[in-house]
Every structure is written in structure tokens, then in C-alpha cells.
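Data block below; observations after.
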Amino acid sequence: MPDSFDLIVVGGGAAGYMGAITAAEEGVSSILILEATSKALEKVRISGGGRCNVTHACWEPNDLISNYPRGGTPLKGIFSHFATGDAWDWFTTRGLELVSEKDGRVFPKSNSSKEVVSCLQNAAKEIGIVCLTQNPVETINNLGSKGFEVKSKGGHFFFSKAILLTTGGSPSGKKIANNLGHKTVPSVPSLFTLKLDYKWLRSCSGISIEKVNLKVDTGDNTLSEKGTVLITHWGLSGPAILKLSAYAARSLNNNGYKAKLLINWLDSDINDIKSLCSLYRKSYADKKLISFYPFKKLPKRLWLNLLESVEINPHMNWSSLSISHENIISKILTQQELLVVGKGPFGEEFVTAGGIILDDLKLNLMESRICNGLYFAGEILNIDGITGGFNFQHCWTSGWIAGKAIAKYLKP
């Protein structure tokens with residue numbers, strides 16, 4: 001194998017492969033991908049529970065950028081060149097059938113992430129791109145007009161005219177960028193579940209509820225979200241929680257993942273719930289709370305555990321319910337305050353907030369303003385999206401933009 005290349009891509013993930021393939025298709029003749037782990041595209045393979053949420057059916061750039069807590073507005077320009085529809089076409093023209101689900105998430109028709117991996121690897125192989133795994137890059141030296149010297153673990157040296165850094169949230173990639181003159185925003189977790197320590201809540205593990213209103217107060221910031229919530233044995237998860245965690249990522253991190261969480265389980269006004277309780281107390285006096293209640297959206301197991309949490313006997317008749325009980329029930333259903341005591345497991349395979357400061361890049365090219373021949377794509381940048389395929393879309397877009405720009409840079 002030669003030790004000199006036109007382009008070396010550091011990081012064999014989604015953005016790295018997209019950048020390498022695009023550059024090759026634009027005429028770059030010798031490309032090497034260096035991947036630190038034993039398998040390239042591993043995050044693609046494990047994403048979405050093995051299904052791979054390729055992108056999101058959000059077709060207009062103006063709408064698309066609203067799904068990025070950090071970096072959304074700067075993305076508008078590059079999304080005008082390569083957005084959801086372009087990613088869809090890119091994969092389908094290479095034989096990968098995609099389907100859009102009701103919530104807008106886009107998956108392979110086969111529901112297998114392996115097909116996404118195969119699509120990318122086959123495209124790279126057919127055009128002559130080489131990928132070396134278990135080759136973590138230790139240092140990159142800028143040689144000026146001569147390009148770059150790349151040293152990987154074990155003392156192997158490679159030389160390249162251009163570098164594309166696509167190392168995701170890895171600290172090693174940011175260290176390399178720092179050594180080449182780039183500043184970074186410290187990374188913190190994004191897209192994670194919330195840990196809550198309540199026995200009655202653990203008893204509801206597995207319950208999913210739609211249209212739940214949430215508000216998290218970290219002390220220095222208050223953020224709201226509405227959507228589906230999943231109760232787990234460690235606390236709360238689901239799309240609404242993951243989206244809330246993305247927007248509150250830095251505030252929660254700053255506060256040690258301690259916060260107040262206000263929950264409106266019914267997406268209703270407290271006075272409307274009081275009226276319903278009053279109606280049942282008068283009209284269904286002989287019926288028991290355990291089996292006869294007006295909140296059809298509320299799963300019975302959650303209803304009973306909510307009553308238990310405020311020490312109301314579910315076996316009492318509605319006629320025995322006092323005004324005080326009415327107020328308590330109405331409050332726990334629409335204004336329940338719970339304490340977040342930590343973060344649970346990550347929701348989307350270790351998405352992080354933070355990375356390369358965008359002001360130091362020509363974003364329309366994904367090119368460094370500091371170091372000629374250096375490019376970036378993917379999660380190494382200070383850009384992150386909410387759950388639903390938006391982080392992969394950023395990888396496809398930034399990789400494609402970088403690949404095009406690199407090919408232009410390398411043309412004689």
C-alpha cells in the first residue's frame with residue numbers, strides 16, 4: 001500500500017464515508033479512510049436499534065434547521081445544496097429502498113441498518129477507496145505546501161494533500177483539531193433519558209403516553225416540550241424526553257443533571273380536570289376510582305400509581321372524594337412536579353453537544369479558515385440535532401459538501 005494519498009479521512013463513520021465517496025466521484029483519485037476501532041460505520045449499524053434512522057422527512061431547509069439545538073441557523077446554507085430529499089435520492093439511486101414512517105422518521109425498507117452500511121461500503125469499494133480499521137490517528141502535522149503528515153498508532157506514517165476530520169464526539173479528533181489551530185466547545189451528552197427515583201413510577205415501567213406536556217427547570221433555564229413519553233425502570237424516556245434533553249443539554253450538565261420536571265400527563269388545563277372530577281363525584285357516586293374514571297388517555301396502571309403516590313385509596317367511591325382530593329388529583333395529572341436526579345442511558349448512541357467552533361470554518365465548503373487543506377464534517381462540529389434522523393442528515397450533508405470542496409481544492 002502506498003503511504004501517500006490525495007485525501008486522508010480520519011474517522012470511518014457516516015460523515016467520513018459520505019465525504020470520501022463524494023470526493024472520489026468528483027475525481028479525487030487516491031483516498032484513505034483511517035478508522036480507530038475494529039469496524040467502520042459501527043454507529044450506523046447500531047443506530048435505531050439496528051434499523052438506522054437514515055434521515056427525517058422534513059423537506060424544506062427552513063423547517064429542517066429548526067431541529068438543531070446548536071448550529072441550526074448556520075446549516076441553512078448547506079441544506080440548500082444537500083438536504084433530506086438529496087439524501088433520499090443519494091441512497092435510493094445506489095439501491096437502498098427507504099420508507100418514511102408516520103412520525104417522519106426515514107428507515108431502510110428492510111428495517112436493517114446493515115443495508116445502509118453495505119450501501120456505503122460498496123459505493124466506497126467500487127470507486128477504489130481504502131479503509132484501514134484499528135488505525136487510530138495520533139498526530140497530524142501541517143507541512144504547509146507539502147500537505148500533511150499523519151501518524152497512526154504503531155508508528156505508521158502517511159502523507160496526504162488534504163485531510164477530512166470526521167471523528168464524531170471522540171476527544172482524540174478534537175485534540176488533533178486543537179493542535180492544528182482550531183478551538184473547540186467542550187462536549188457534553190445530548191439525547192439522553194432522565195433518571196427519576198420514584199417507586200410508584202418504576203411500577204409503571206413500559207407505559208407509553210402521547211401528547212404529554214413537559215417543562216424542565218434547571219435553575220438557570222426553563223425549557224418546555226410536548227410529545228410521547230415512555231416510562232422506564234430508571235425514569236422517563238421517549239421522543240419528548242430526548243428532544244427536551246437535547247435543548248437542555250448544557251443546562252442539565254452545568255447543574256449536575258439535577259432539575260425539576262413539571263408534567264402535564266393529559267395535556268389539559270387544571271380547571272377542566274377539576275370539572276371532570278366534580279362531574280364524576282356527582283353523577284357516578286357509586287362507581288369506584290379504580291375502574292371508572294374520565295381520563296381515557298391515561299393507562300389504568302399509571303392512574304392507580306398516581307393515586308397511590310398521593311395516598312388516595314383507589315377503591316373508594318367517587319361519592320367519597322372530597323374537594324381536597326379533587327384538587328390533589330387535578331394537580332398530579334396536570335402539574336405534577338418530580339425531581340430529576342441524573343441522566344439515564346443515552347438515547348441515540350452517544351450523541352454529544354459541542355465540538356469545533358463554527359466561526360473558524362468556511363461552512364459552505366466545510367473548510368478550515370486556519371489551515372489550508374483541512375476540512376471537517378459530522379459530529380466533530382459544534383452542531384447537534386434532536387432525535388429522529390437529524391444527526392445523520394447533518395452527517396450526509398456536511399460530508400457531501402466537504403467532499404465536493406476537497407475535490408475542487410485538489411484540482412490542478
Side-chain angles (χ1 to χ4, degrees), residues 193-219 221-245 247-248 251-252 258-341:
T193 57
L194 299 180
K195 185 177 179 182
L196 295 90
D197 190 16
Y198 295 92
K199 183 180 178 182
W200 67 266
L201 193 62
R202 288 194 293 272
S203 299
C204 298
S205 180
I207 291 176
S208 179
I209 314 162
E210 296 180 348
K211 296 181 181 178
V212 177
N213 269 321
L214 303 165
K215 184 180 290 185
V216 65
D217 181 358
T218 62
N221 202 1
T222 301
L223 292 160
S224 301
E225 191 53 58
K226 176 181 173 181
T228 301
V229 170
L230 172 65
I231 302 174
T232 70
H233 64 274
W234 63 79
L236 296 176
S237 183
I241 293 291
L242 293 175
K243 188 174 181 180
L244 191 64
S245 75
Y247 281 97
S251 292
L252 285 167
K258 304 293 191 295
K260 292 179 182 178
L261 185 67
L262 196 67
I263 305 178
N264 185 335
W265 294 103
L266 298 176
D267 187 26
S268 299
D269 182 79
I270 190 170
N271 292 319
D272 293 338
I273 302 305
K274 286 181 181 179
S275 297
L276 276 172
C277 287
S278 180
L279 173 66
Y280 266 57
R281 184 162 52 85
K282 295 170 183 175
S283 303
Y284 304 99
D286 61 339
K287 301 293 185 180
K288 295 184 181 299
L289 273 68
I290 189 172
S291 55
F292 199 79
Y293 56 98
F295 320 115
K296 303 305 179 188
K297 170 186 172 181
L298 212 62
K300 185 174 182 179
R301 184 154 51 104
L302 177 57
W303 165 242
L304 296 180
N305 277 281
L306 284 170
L307 291 177
E308 180 186 335
S309 73
V310 290
E311 299 181 344
I312 293 178
N313 184 358
H315 295 281
M316 73 163 64
N317 292 337
W318 279 96
S319 61
S320 302
L321 201 71
S322 66
I323 297 295
S324 175
H325 284 148
E326 274 186 18
N327 291 335
I328 291 171
I329 288 174
S330 300
K331 189 169 184 179
I332 63 164
L333 291 177
T334 61
Q335 298 177 2
Q336 186 173 39
E337 187 177 291
L338 301 176
L339 295 178
V340 177
V341 297

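In this view, Val229 and Val212, Leu214, Leu236, Ala240, Ile241 satisfy the side chain to side chain contact (heavy atoms under 4.5 Å, CB included) rule, not counting sequence neighbours. Judged as a ring pair (Phe, Tyr, Trp, His ring centres under 6.0 Å), and not counting sequence neighbours, the contacts of Phe295 are Trp303. Every residue two or more places apart in sequence or in another chain was checked for a side-chain hydrogen bond (donor to acceptor under 3.5 Å, both in side chains) with Ser268, and none qualifies. Qualifying side-chain hydrogen bond (donor to acceptor under 3.5 Å, both in side chains) partners for Glu210, counting only residues two or more places apart in sequence or in other chains: none. With sequence neighbours excluded, no residue satisfies salt bridge (Lys or Arg N to Asp or Glu O under 4.0 Å) with Asp269. With sequence neighbours excluded, no residue forms a side-chain hydrogen bond (donor to acceptor under 3.5 Å, both in side chains) with Asn313.
No side-chain heavy atom of Ser224 sits less than 4.5 Å from a side-chain heavy atom of Asn213. Between Thr232 and Thr193, the closest side-chain pair of non-hydrogen atoms is not below 4.5 Å. Side-chain contact between Lys195 and Val340: absent, with no pair of heavy atoms (C-beta onward) separated by less than 4.5 Å. The closest side-chain heavy-atom distance from Asn264 to Lys226 is not below 4.5 Å.
The line from CG of Asn305 to CZ of Arg202 is 11.0 Å long, rounded to the nearest 0.5 Å. The distance from the CH2 atom of Trp318 to the OH atom of Tyr284 is 11.0 Å, given to the nearest 0.5 Å. Interatomic distance, NE2 of His325 versus SG of Cys277, reported as 11.5 Å (0.5 Å rounding). Atom CG of residue Leu302 and atom CG of residue Leu307 lie 9.5 Å apart, to the nearest 0.5 angstrom. A distance of 8.0 Å separates OG in Ser322 from CZ in Arg281, rounded to the nearest 0.5 Å. Here Gln336 contributes atom CD and Trp265 contributes atom CH2; the two are 6.5 Å apart, rounded to the nearest 0.5 Å.
Side-chain atoms of Tyr198 come within 3.5 Å of backbone N or O of Leu339 as a donor-acceptor pair.
Residues Ile231 and Leu201 come closest through the heavy atom pair CG2-O, 3.4 Å. Minimum heavy-atom separation, Val216 to Ala259: CG2-CB, 3.8 Å. Smallest separation of non-hydrogen atoms from Glu337 and Lys260: OE2-CD, 3.8 Å. When all heavy atoms of Ser330 and Lys274 are compared, the pair lying nearest together is OG-CG, 3.2 Å.
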